[in-house]
Amino acid sequence: RGDIDEAHGILAQMMNSLSHDAVDGSHVSPINSIELEIDTEVGEYSQGGHLKPNHITYTTLISAYCRAGMLHEAFAIYEVMVKGGIMPDEITYSSLINGLCKEGKLLEARNLLKKMQSVGVFPNQVTYTELIHALFKSGKAQEAYDLYDEMVRRGLVSDTVVFSVLIDGLCREGKLVEAREMFEKMPNLNLIRNHVTYTTLIHAYCKSGNIQDASMLLDEMEKEGLKANAVTYNALIDGLCKKSQINEVVEIFNKMRE
RNA sequence: AGAGAAA
């Protein structure tokens, strides 16, 4: 977070025209109150004030704050951005929505989804995927499916990531057969199944004690030229250990090290 | 040049 604040300092340096008052203080948490003060050291190369940050500059910083769980700061930057006449785009909103989702603020995330549309910025499949993922994670499967339907109705194209999220969501509900059906449908829809897609299903099979299907998928994924990673192997090893299949664990363990 | 998924 020290680095993010330093980045923020550089942003302040670039702008130099916006005063501290431009930040809506109510969104700034007391411990992390944002000061747009000038760092003289970075000032040497950025020649303070002559470069205008664009929507990407702002979004990069907003995204960093969101990832650090510093939502107040992220929204403060968003305010500065809007007040400075820089229009946030769907990536800016997606960054904020993802930050809200990660903090469990699903209602606020959904409100922001509405808000962005009310100002003419349209969510894309990434925006929807973030919310769908968060809904599944918090056990709201039906809302997740409904949101996916909405996404499709809007003509947004499904990609590998949304499908992986849906497969994961179905698995979490114990609907392994439906999850497998989605997985099988992907190639017909010209969707690439990557190592995450495979690992999601492998993990679900292992957790349900179905080591056989898990191993078959591992073989299939390798035939597709995909490499199993530590997450894939851990899922398998965990599944095997729980069934006390120690010989198979050793086999997988050795395969990992090849 | 910036946002989303699996132990």
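None of these values were measured; they are calculated from a predicted model. Lettering of chains follows the sequences in order, A, B, ..., and the numbering in each one begins at 1.
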So, with a heavy-atom separation below 4.0 Å from RNA chain B, the residues of residues 110-122 of chain A are none
So, do Arg153(A) and Asp149(A) sit near enough that their side-chain heavy atoms are less than 4.5 Å apart?
yes
**Validation row, ring centre Tyr78(A) to ring centre Tyr58(A) under 6.0 Å** = no
- Test item: side-chain donor near acceptor, Asn254(A) and Glu258(A), under 3.5 Å: no
Each nucleotide of nucleotides 2-7 of chain B classed B (base within 4.0 Å of a protein heavy atom), S (only sugar-phosphate) or -, in 5' to 3' order, makes BBBBBB
For this session: Please confirm whether the backbone N or O of Gly239(A) pairs with a side-chain atom of Lys207(A), one donor and one acceptor, at under 3.5 Å?
Result: no
Measure the shortest side-chain to side-chain distance between Thr160(A) and Arg193(A) over non-hydrogen atoms and say whether it is less than 4.5 angstrom.
no
What I'd like to find out is whether the side chain of Glu90(A) reaches to under 4.5 Å of the side chain of Tyr93(A), using heavy atoms alone. no
- prompt: Within 45 degrees of the axis of the six-membered ring of Phe136(A) and under 6.0 Å from its centre: does Arg172(A) put its NZ or CZ there?
  reply: no
